[in-house]
Amino acid sequence: MPASDRRSRNRLASVRGMHDLLPGPIALWQHFEAAARDVLDSYGFEEIRTPLLERTELFVRSIGGATDIVEKEMYTFADRDGDSLTLRPEQTASCVRAGIENGFIHLGVHRLWYMGPMFRHERPQRGRFRQFHQLGGEIFGPAGPEADAEIILLTARLWRRLGLFDLRLELNSLGTPDSRRAYRSRLMEYLLDRRADLDEDGRRRVETNPLRVLDSKNPEMRAVIEAAPRLIDSLDSESRDHFDALRAMLDEAGEPWTLNPRLVRGLDYYTKTVFEWTTERLGAQNAVCGGGRYDGLVAEIGGTPTPGVGFSAGIERLVALLVESGTDAAREPPAAWVAAVGTDAVRPAPAVAEALRDLGVSAVLDAGEGGFRAKLRRADRSGAEFAVIVGDAEAAAGEVSIKPLRSDGPQSTVARARLREALTGWLPQAAPGEDSPQADETCSMPPDHA
RNA sequence: GUGGGCGUAGCUCAGUCGGUAGAGCACCGGAUUGUGGCUCCGGAGGUCGCGGGUUCAAUCCCCGUCGCUCACCCCA
């Protein structure tokens with residue numbers, strides 16, 4: 001795009017809070033994604049992909065009509081048929097819907113994972129975007145705390161795998177919906193008695209979301225908050241046993257955690273276990289992963305009652321931590337750089353590049369302007385191991401010149417038919433045979449000759 | 001959604017107490033009629049985020065707006 005166009009007044013920019021992921025930074029994402037797939041695979045999870053758009057009703061019923069997400073953050077609009085659709089703000093609800101719709105959710109145990117963009121209309125900030133990406137996993141079927149433990153230990157393993165060692169696991173239990181409702185009214189009563197001690201924000205939220213009052217960061221509220229009844233102390237016995245068993249499992253597995261009695265989370269579907277992984281390194285957006293149990297969700301959406309537990313992790317935030325940690329995920333440079341200059345030399349150049357790829361050698365054909373000087377400079381900067389040079393002289397003789405770029409070895413000129421011999425030492429170990437030149441087009445690994 | 005800070009070349013930034021701008025890196029070319037890395041020389045690239053106001057004159061001051069950012073809020 002010419003500079004004059006990019007400068008022009010009516011040029012288009014991306015939507016606020018929605019960003020392009022460019023080739024450089026994307027290397028770290030791919031690093032993250034590969035680690036995630038690997039870990040999820042080792043826990044027997046299978047991938048699921050669901051549409052970005054769902055009927056609005058799905059999220060209202062699952063996340064809860066009184067939550068911030070549903071009340072003020074969803075991208076909701078009427079499509080041409082008049083149906084109310086919403087860009088998904090999270091994916092658990094979609095997974096449940098898909099499980100019910102395809103008739104598998106209540107049959108046995110299912111372990112699913114997903115990864116993709118989510119949408120919430122919040123004010124953008126560091127670590128908070130309107131289109132952001134989550135990695136998530138769900139276990140449908142088991143009601144016991146082993147499944148909760150599996151989810152938590154899986155995420156812990158992923159952090160270790162990524163080299164993130166300073167994340168903190170916070171745990172709480174919300175109990176069953178009944179015990180939670182009972183607690184809520186007890187808490188509201190307590191807070192109303194002390195209305196005078198609350199700050200403005202607190203007074204506003206007593207009625208709307210009393211559990212949130214406990215989460216206030218205002219130091220003047222500390223005394224009121226600490227004296228408040230705790231949800232964890234008013235659990236029903238079933239939830240209490242579940243929570244105790246989970247704690248014992250995490251201890252047995254050697255996974256450290258801390259109790260956060262004020263952890264409530266912003267989605268209404270959680271029951272019993274809730275957890276969050278937090279970091280000190282990202283400022284206000286400190287939650288990097290969250291999740292919990294949602295035993296009532298499947299029934300709420302109209303399926304056969306089926307328990308479930310899950311997690312979801314914010315990829316932007318985790319990648320930001322990787323950047324901070326100095327994680328190196330630079331893309332592998334190509335092995336060969338094909339530099340052809342001259343009208344007769346350009347004609348065979350694509351065929352020469354193909355011959356290299358047939359041998360399993362990754363190759364970039366320099367299709368840019370300029371002479372040998374320019375093309376070799378690009379070859380050097382690309383990081384390629386060697387340049388394959390085709391000039392008019394080589395083209396006329398059916399030859400190519402091979403010039404090492406990372407050593408002081410001499411340049412050699414060989415017949416195109418003898419490329420394989422000339423490249424001994426640069427070929428990948430499992431090079432495809434001559435009789436199956438296009439053995440594996442999906443294999444883009446550069447030759448390993450470190 | 002609320003409040004504060006900041007928007008100068010592709011990137012990181014300097015600068016103009018109001019007189020229309022510079023550096024480093026990156027890019028392109030030359031020194032080397034077909035050979036990179038080091039060095040030297042040169043070039044291209046900015047309506048100083050956008051719109052309005054004040055002024056003889058605004059990139060600079062004022063207002064608005066958009067974007068980023070920090071905190072609140074919320075959460076991944």
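Protein chains get the first letters and strands the later ones, always in sequence-line order, with residue 1 at the start of each.
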Quick check on [N]: is either OP1 or OP2 less than 4.0 Å from any side-chain nitrogen or oxygen of [X]?
{"X": "A:Arg373", "N": "B:G34", "answer": "no"}
{"X": "A:Arg406", "N": "B:G36", "answer": "no"}
{"X": "A:His19", "N": "B:C68", "answer": "yes"}
{"X": "A:Gln125", "N": "B:A71", "answer": "yes"}

In whole Å, I'd like the distance from the [atom1] atom of [X] to the [atom2] atom of [N].
{"X": "A:Leu211", "N": "B:C74", "atom1": "CG", "atom2": "P", "answer": "12 Å"}
{"X": "A:Asp20", "N": "B:C68", "atom1": "CG", "atom2": "P", "answer": "12 Å"}
{"X": "A:Lys72", "N": "B:U2", "atom1": "NZ", "atom2": "C1'", "answer": "11 Å"}
{"X": "A:Arg262", "N": "B:C74", "atom1": "CZ", "atom2": "C1'", "answer": "17 Å"}
{"X": "A:Glu73", "N": "B:G1", "atom1": "CD", "atom2": "C1'", "answer": "10 Å"}
{"X": "A:Arg123", "N": "B:G5", "atom1": "CZ", "atom2": "C1'", "answer": "12 Å"}
{"X": "A:Lys375", "N": "B:C27", "atom1": "NZ", "atom2": "P", "answer": "16 Å"}
{"X": "A:Arg130", "N": "B:C68", "atom1": "CZ", "atom2": "P", "answer": "8 Å"}

Please state the [atom1] separation for the pair [N] and [M] - nearest whole angstrom.
{"N": "B:C11", "M": "B:G42", "atom1": "P", "value": "26 Å"}
{"N": "B:C50", "M": "B:U8", "atom1": "P", "value": "10 Å"}
{"N": "B:U20", "M": "B:A57", "atom1": "C1'", "value": "10 Å"}
{"N": "B:G52", "M": "B:C68", "atom1": "P", "value": "23 Å"}
{"N": "B:C62", "M": "B:G18", "atom1": "P", "value": "11 Å"}
{"N": "B:A44", "M": "B:C28", "atom1": "P", "value": "16 Å"}
{"N": "B:C48", "M": "B:A9", "atom1": "P", "value": "10 Å"}
{"N": "B:A21", "M": "B:U33", "atom1": "P", "value": "39 Å"}

Work out which heavy atom in [X] is nearest to a heavy atom in [Y]; give both atom names and the distance.
{"X": "A:Ser62", "Y": "A:Leu297", "value": "CB-CD1, 3.4 Å"}
{"X": "A:Gly391", "Y": "A:Phe372", "value": "CA-CZ, 3.8 Å"}
{"X": "A:Ala313", "Y": "A:Trp159", "value": "CB-CH2, 4.1 Å"}

Options [options], nucleotide nearest the side-chain atoms of [X]:
{"X": "A:Arg378", "options": "B:C28, B:G36, B:A76", "value": "B:C28"}
{"X": "A:Arg16", "options": "B:G34, B:A76, B:G67", "value": "B:G67"}
{"X": "A:Leu267", "options": "B:G4, B:A76, B:U35", "value": "B:A76"}

- Message: Determine whether A:Glu90 and A:Arg88 satisfy the following criterion, salt bridge (charged side-chain N to carboxylate O under 4.0 Å, His left out), listing intermediate values before the conclusion.
- Response: CA-CA 5 Å; A:Glu90 60 109 40; A:Arg88 66 183 186 203; over 6 Å; no
- Message: Looking at A:Val338, is its backbone amide N or carbonyl O close enough to the side chain of A:Asp366 to form a donor-acceptor pair, meaning the two atoms are under 3.5 Å apart?
- Response: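 Flag not set: sc A:Asp366 to bb A:Val338 has no pair under 3.5 Å.
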- Message: Between A:Glu300 and A:Tyr294, do the side chains contain a donor N or O and an acceptor N or O under 3.5 Å apart?
- Response: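 No donor-acceptor contact under 3.5 Å links the two side chains.
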- Task: Would you tell me whether A:Asn286 and A:Thr278 have side-chain atoms, one donor and one acceptor, within less than 3.5 Å of each other?
- Result: no
If you take atom types as modelled and just measure distance, does the side chain of [X] reach the base of [N] with a donor-acceptor pair under 3.5 Å?
{"X": "A:Glu394", "N": "B:G34", "value": "yes"}
{"X": "A:Glu122", "N": "B:A76", "value": "yes"}
{"X": "A:Asp380", "N": "B:G37", "value": "no"}
{"X": "A:Arg377", "N": "B:U35", "value": "no"}
{"X": "A:Arg128", "N": "B:G1", "value": "yes"}

- Query: Mapping A:Asp392 and A:Arg381 onto RNA chain B by nearest heavy atom, which one lands closer to the 5' end?
  - Reply: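 So the residue in question is A:Arg381.
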- Find which nucleotide of RNA chain B each of A:Gly17 and A:Ile69 is nearest to by heavy atoms, and output the residue with the more 5' nucleotide.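 Per heavy-atom nearest nucleotide, the more 5' residue is A:Gly17.
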- Which residues pass the side-chain hydrogen bond (donor to acceptor under 3.5 Å, both in side chains) test with A:Thr76, sequence neighbours left out? A:Thr86
- Message: Near RNA chain B, counting only heavy atoms under 4.0 Å, which residues of residues 279-293 of chain A show up?
- Response: A:Gly283, A:Ala284, A:Gln285, A:Asn286, A:Ala287, A:Val288, A:Cys289, A:Gly290
- Would you call A:Arg97 and A:Glu54 a salt bridge, taking side-chain N to carboxylate O under 4.0 Å as the test? yes
Counting Watson-Crick and G-U wobble pairs only, both distances under 3.5 Å, name the nucleotide matched with [N], or none.
{"N": "B:G34", "value": "none"}
{"N": "B:G7", "value": "B:C66"}
{"N": "B:G22", "value": "B:C13"}
{"N": "B:C48", "value": "none"}
{"N": "B:C60", "value": "none"}
{"N": "B:A71", "value": "B:U2"}
{"N": "B:G43", "value": "B:C27"}

- Message: Ring centroids only, cut at 6.0 angstrom: are A:Phe140 and A:His110 within range, meaning strictly under it?
- Response: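 Between A:His110 and A:Phe140, which both carry aromatic rings, the centre distance is not below 6.0 Å.
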For a quick check of understanding: with a heavy-atom distance under 4.0 Å over all strands, which category does [X] fall into, base, sugar-phosphate or nothing?
{"X": "A:Ala374", "result": "sugar-phosphate"}
{"X": "A:Gly342", "result": "nothing"}
{"X": "A:Gln411", "result": "base"}

- Message: Holding to side-chain contact (heavy atoms from CB on, under 4.5 Å), I want the full list of residues that pass it with A:Glu150, two or more places apart in sequence or in another chain.
- Response: A:Tyr43, A:Arg111, A:Ile139
